[in-house]
Amino acid sequence: MMPQEEARKLDRFIQLLLANATVFVSGEKLAEALKVSRMTICNWVHHLQKQEMVIEIKPKIGYRLTQVPDLLLPQLIRRELRTKVLGKSLYHYFQVESTNDVAHQLAQQGVAEGGLIVAEEQTQGRGRLGRDWYSERRVGIYLSLILRPILKPRHATIINLAAAVAVSQAIESTCSLSTDIKWPNDVLVNNKKCSGILTEMSADLDQIKYMIVGIGINVNHQSFPKSLQGRASSLFLEGGRRFSRIEIILALLRCFEDLYLELQKQGNDAILERWIRRSSFARGKEVSVDLGDKKIHGTTIGLGKEGTLRVKLSGGQIEDIMSGDVVIWDSVK
Ligand code: BT5
């Protein structure tokens, strides 16, 4: 695993190669520009060649980039980015343990609202409650956003729901696939999970310091480990063709930014309405909810003002769920 500082220099190295894609650039000049040794440049070239970048090497003359594979390079994302805040500072990694961990470090170092971390692969991708997130190299989207909303911690769920709406909207607009959202934020295609969201925050009692919204989307996966088969899927498996990860990220950032700004101007209602419109779980679904210490069974009757799931139990009593795992009742009977 590469330390962050080196990963950032590597990124600038790629930027220089891309900017000079038609000519040979000398190793000496590159080393000078990046303040590293020529040996480091040589190692980076071999590292990038392993990532299927085609780089010609001419002894005594230098290096020339001739072909770029399907990578989430900041240079390619920035070219089409149409957002004001989200993704304005952008960090790309070939491999990280978890993009959420990198985002926490960067947020603590003071990276501003909208900072975006993307990785080609995660070795310890995380779900909620310490669960694993399967993060195969170069076929999925693994990203985290740093947000600094002026909100009380108890209002954080709404950001979670907004992220799910943005993922659902982005998948529908770029892949023409219909989606469903399972509360709070699993995005399903044909009832199989194609995306998960892990929102974490650092907060005082009455103010959020920063939030990390981590989003995983299965894009071009051709198969899944046995333990996930039947429950997880990818846009490739459901749509029958490969999709551009960059296009999906661009649409996602645009949608999420619109919702985030709308939330700040108009409050929760617009997000709640959009979530309800996009989810078959919002109303009239017979579900079982695992609350950790107990399981309940009932029918969904909408969302509470802060984004809680309202479930009517068979005795008529209503529960407002703040966190838990929802499954369709039919599948547990
Ligand atoms: C989630 O948790 O769904 C949140 C996943 C968030 C992943 C992103 S990737 C970028 C950022 N960096 C991270 O380290 N994480 C975030 P949860 O609701 O707890 O669901 C986890 C469960 O989903 C696992 O226990 C598996 O059953 C299943 N699962 C694991 N990997 C999956 C995958 N790739 N696709 C679909 N389901 C998966």
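FYI, the numbering just counts along the sequence from 1. All figures in this text were calculated on a predicted structure; none of them were measured in a lab. Counting starts at 1 for both ligands and their atoms, in listed order.
- A 4.5 Å side-chain heavy-atom check between I248 and L235 finds at least one atom pair inside the cut-off.
- Within 6.0 Å of CD in E28 there are 12 or fewer heavy atoms belonging to other residues, nucleotides or ligands.
- No part of D325 comes within 4.0 Å of ligand 1, judged by heavy-atom distances.
- In this structure, atom 10 (C) of ligand 1 lies nearest to the protein heavy atom T99 OG1, 3.2 Å.
- Annotation for ligand 1: atoms under 4.0 Å from non-hydrogen atoms of G125 are 14 (O).
- Annotation: atom 8 (C) of ligand 1 to nearest protein heavy atom, G216 N, 3.6 Å.
- Every residue meeting the ring-ring contact (aromatic ring centres under 6.0 Å, His included) condition with F13, not counting sequence neighbours, appears here in chain and number order: W44.
- Using a 4.0 Å cutoff on heavy atoms, L129 does not count as a contact of ligand 1.
- A donor and an acceptor atom, one from each side chain of E172 and T179, are located under 3.5 Å apart.
- Protein heavy atom closest to atom 15 (N) of ligand 1, with residue, atom name and distance, is R126 O, 2.8 Å.
- For E306 and R154, the salt-bridge test passes: some basic side-chain N is under 4.0 Å from an acidic carboxylate O.
- If you take CG on L17 and CG on L65, they are separated by 5.5 Å, rounding to the nearest 0.5 Å.
- Nearest residue to atom 13 (C) of ligand 1 from H221, Q122, Q124 is Q122 (criterion: closest heavy atom).
- Proximity of a side-chain donor or acceptor of R148 to a complementary backbone N or O of A107 within less than 3.5 Å is detected.
- Those atoms of ligand 1 that come under 4.0 Å of a heavy atom in D132, given as number and element, are 24 (C), 30 (C), 31 (N).
- Comparing V213, L228, V118, L145 against atom 29 (N) of ligand 1, the shortest heavy-atom distance belongs to L228.
- Regarding atom 35 (N) of ligand 1, its nearest protein heavy-atom neighbour is N218 ND2, 2.8 Å.
- Protein heavy atom at the shortest distance from atom 25 (O) of ligand 1 is R131 CD, 3.4 Å.
- Every pair passing ring-ring contact (aromatic ring centres under 6.0 Å, His included) that includes a residue from residues 283-303 is listed here, sequence neighbours excluded: H297-W329.
- Those atoms of ligand 1 with a heavy atom of R231 less than 4.0 angstrom away are 27 (O).
- Residue, atom and distance of the protein heavy atom nearest to atom 36 (C) of ligand 1 are A232 CB, 3.4 Å.
- Each of K193, K295, R131 was scored for a salt bridge (charged side-chain N to carboxylate O under 4.0 Å, His left out) with D325, with one residue passing: R131.
- With hydrogens left out, the protein atom closest to atom 1 (C) of ligand 1 is K193 NZ, 3.8 Å, a heavy atom.
- With N220 contributing its side chain and F243 its backbone, the two residues share a donor-acceptor pair below 3.5 Å.
- Shortest contact from atom 37 (N) of ligand 1 to any protein heavy atom: W133 CZ3, 3.6 Å.
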